[in-house]
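Within every chain, numbering begins at 1; the chains are lettered A, B, ... in the order of the sequence lines, protein sequences first and strands thereafter.
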Amino acid sequence: MELWRYRHLVKMLVARELKVRYKNSVLGFVWSIVPPLLQVLVFTFLARNAFGVPAKNYSAYLLCGLIPWTFFNTAILDASQSLVINYTMIRKVYLPREAIPLANVLSNFVHFMLGWVVYFAAFLVIARAFGGGIPLLPSMVFFPFLVLLEALLVTGCALFVSALNVFYEDVKYVLQTLFSLAVFVLPVLYPADLIYYSNTVQHHPWLFKLYLITPIAALIDAFRHCLLQSISPGTINMHLAGKPSLPFQPAEFAVSCVITIFTAWGGYAYFNARKWQFTERP
Amino acid sequence: MHNAIEVRNLCKQFRVRHRSHLKVRLMSMFKPTQPIQTFLALQDVSFTVPHGQTVAIIGRNGSGKSTLLSLLARVYRKTSGEILLYNPQGGPARTAPLLDLSAGFHLDLTGMDNILFFGAILGYSQKEMQDRFDSIVEFAELGDKVDTTLRNWNEGARLRLGFSIAVHTNPDILLVDEVLAVGDEAFQAKCYALIRRMQAQGKTILFVTHDLRAVERVAQRVIWLKQGHLHMDGPVQEVLSAYRVFSAEQGLESMK
């Protein structure tokens, strides 16, 4: 495969992404940890004080959604601009063009993994030393599989979006709008149970099936089921007191996996079909 | 025995695209209004270059010179025809494209990082580039500057770095597009000396230029492109004198 011959280039592109992001900042890498940490602090504070959420370890539940979501949206947004930013380069020298969006995905993947390291350190080690934290669960063995699955999904979307953005630069605005809404629709700030018990879904159960086969929603939900014990919905929203928490839905998750694989394949196919037109756009 | 460059019946067609409004685009989806306009930048161009030859490509603006070089550098995909590039052993050739010397650079990285990066674009590992590091810096006359970011460099220094990297990666074929004209007098002289050295090493060089004096100095053969066709291909003086007559005629015509 051609990308293998150019692996040095991919490595350099990733290193360049990581270096340039914090080029003129004093604290450098700290800036990839502080904002999500502050986000979690503020959200947890609000949940406890303004919304009266009594759930134990709420910040762990929040981070479990926030880390996969941040990887998904920043990697895709970065990748969507990558070919346009590097346009002078692809017009003047040959390099496998997929290397450019892939480098964006990989550099965000580094931040993604860093996020998990902080997560495990905080809740499995530090918090437990003080008597809190989360227990080790057997389901955690599926964690690497979920990480790979998300990487596959993000790669497919990134390839598709980056190629499309060369011809229609509206893509960026569409994505920004979609993502700013999606953070509320997806089970990022709350567990999927809350959607399940909502009035509309109770009347149209197929809506929830549709919700759970959406790859990114399915992944966030799966990360939570894999890393944390199920939380009873009553502790998030008191109107739901006494309702049982929702078990993991393997059938819907299997469908979402199939969709993910098709997304990855489709994104790559579209990129390949278009990649020679990049240098000839008007 | 293969030649270094074998080009047969090469054609390159571009689509002429106009920036259009969304409304126009949507409407044309339902009823195709006009056929897609195309434009032939190169038509049926064939030539071969033996190993070790230096060939200049001349022609007026828009005659297809840069398109030809971009096709050889694999920036564009050919519409039809054949392009084959070989190294002297008969394997696939390593090309160093100098279409725009600063294209592969990132202004926020240091000279050092950019050397590694540009090398990676040309397919070299970090180790291979570090071995060449000293001679690259020396040829480009950079000194301690390599440790600062390119943003603070002058145009000439960036140019010297790009040229220095490209020639030190030991390519079989060098593709040069009108870039040597930018550096100052002293650096140009240095570049020509280096080109001579590469000629002596048996490298194949293809370059595009409007500077006919430079053609006389280094080329062994000239290809003249005219409106996408190969108009003339032969020894330097023969093609150049015909081209000078043509240019003078064109100049006279525009004065009328």
Side-chain angles (χ1 to χ4, degrees), chain A residues 1-25 28 82-83 85-100 102-104 106-107 164 166-171 173-174 271-282, chain B residues 12-20 22 25 38-39 41 66-67 69-79 92 94-110 113-129 149 151 162 165-166 175 177 179:
Chain A
M1 186 150 158
E2 194 183 21
L3 261 183
W4 178 247
R5 278 205 298 122
Y6 278 88
R7 61 192 180 280
H8 305 301
L9 175 66
V10 177
K11 213 166 71 185
M12 294 295 300
L13 278 168
V14 174
R16 192 181 78 169
E17 276 313 309
L18 293 174
K19 261 185 211 170
V20 168
R21 182 174 307 197
Y22 304 114
K23 55 182 181 196
N24 287 329
S25 67
S82 61
L83 287 171
I85 288 172
N86 290 299
Y87 198 63
T88 48
M89 190 161 85
I90 57 175
R91 273 200 66 120
K92 295 297 179 188
V93 278
Y94 176 78
L95 65 161
R97 280 136 212 224
E98 47 273 43
I100 292 171
L102 276 183
N104 270 294
L106 284 173
S107 71
L164 197 64
V166 176
F167 306 102
Y168 307 97
E169 287 191 34
D170 325 57
V171 167
Y173 304 106
V174 173
F271 192 91
N272 256 341
R274 287 288 212 156
K275 69 178 172 187
W276 284 104
Q277 291 170 26
F278 294 163
T279 45
E280 296 175 19
R281 79 171 188 165
Chain B
K12 178 64 196 172
Q13 189 175 46
F14 287 107
R15 276 172 70 177
V16 181
R17 284 183 233 225
H18 304 285
R19 280 248 173 240
S20 53
L22 190 63
R25 279 200 205 179
T38 56
F39 154 69
S66 294
T67 306
L69 233 52
S70 296
L71 282 165
L72 291 173
R74 291 207 290 163
V75 173
Y76 292 142
R77 183 161 66 172
K78 59 183 189 272
T79 306
R94 281 198 153 176
T95 57
L98 294 180
L99 305 195
D100 179 347
L101 284 176
S102 49
F105 289 150
H106 201 294
L107 297 183
D108 288 316
L109 294 178
T110 64
D113 288 334
N114 269 303
I115 290 175
L116 298 180
F117 186 72
F118 202 95
I121 291 179
L122 300 177
Y124 294 86
S125 73
Q126 207 159 330
K127 175 84 179 54
E128 288 169 295
M129 289 313 288
T149 58
R151 192 169 288 288
I165 294 170
L175 305 169
D177 187 359
V179 282

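- Residues B:Phe117 and A:His8 form no side-chain contact, since every pair of their non-hydrogen atoms from C-beta on lies 4.5 Å or further apart.
- B:Tyr76 contributes atom OH, which lies 4.0 Å from atom CZ of A:Arg91 (distance to the nearest 0.5 angstrom).
- Here the OG1-CZ distance, from A:Thr279 to B:Phe14, works out to 7.5 Å after rounding to the nearest 0.5 Å.
- Put simply, the side chain of A:Tyr94 does not reach to within 4.5 Å of the side chain of B:Ile121, judged on heavy atoms.
- In this structure, chain A has no heavy atom under 4.5 Å from any part of B:Lys127.
- Note: A:Tyr6 OH to B:Tyr124 OH = 10.0 Å, rounded to the nearest 0.5 Å.
- Side-chain contact check for B:Asp113 versus A:Arg16: every heavy-atom pair is 4.5 Å or farther apart.
- Contacts of A:Lys275 classified as salt bridge (Lys or Arg N to Asp or Glu O under 4.0 Å), with partners at least two apart in sequence or in another chain: A:Glu98.
- Partners of A:Ser107 according to the side-chain hydrogen bond (donor to acceptor under 3.5 Å, both in side chains) rule, which considers only residues two or more places apart in sequence or in another chain, do not exist here.
- Only the side chain of A:Arg97 comes within contact range of chain B, judged by heavy atoms closer than 4.5 Å.
- For chain B, the nearby parts of A:Leu13 are the backbone and the side chain; heavy atoms of each come within less than 4.5 Å.
- In this structure, NZ on B:Lys78 lies 9.0 Å from CH2 on A:Trp276, to the nearest 0.5 angstrom.
- Options B:Ala120, B:Ser70, B:Gly119 differ in how many heavy-atom pairs under 4.5 Å they form with chain A, and the most are formed by B:Ala120.
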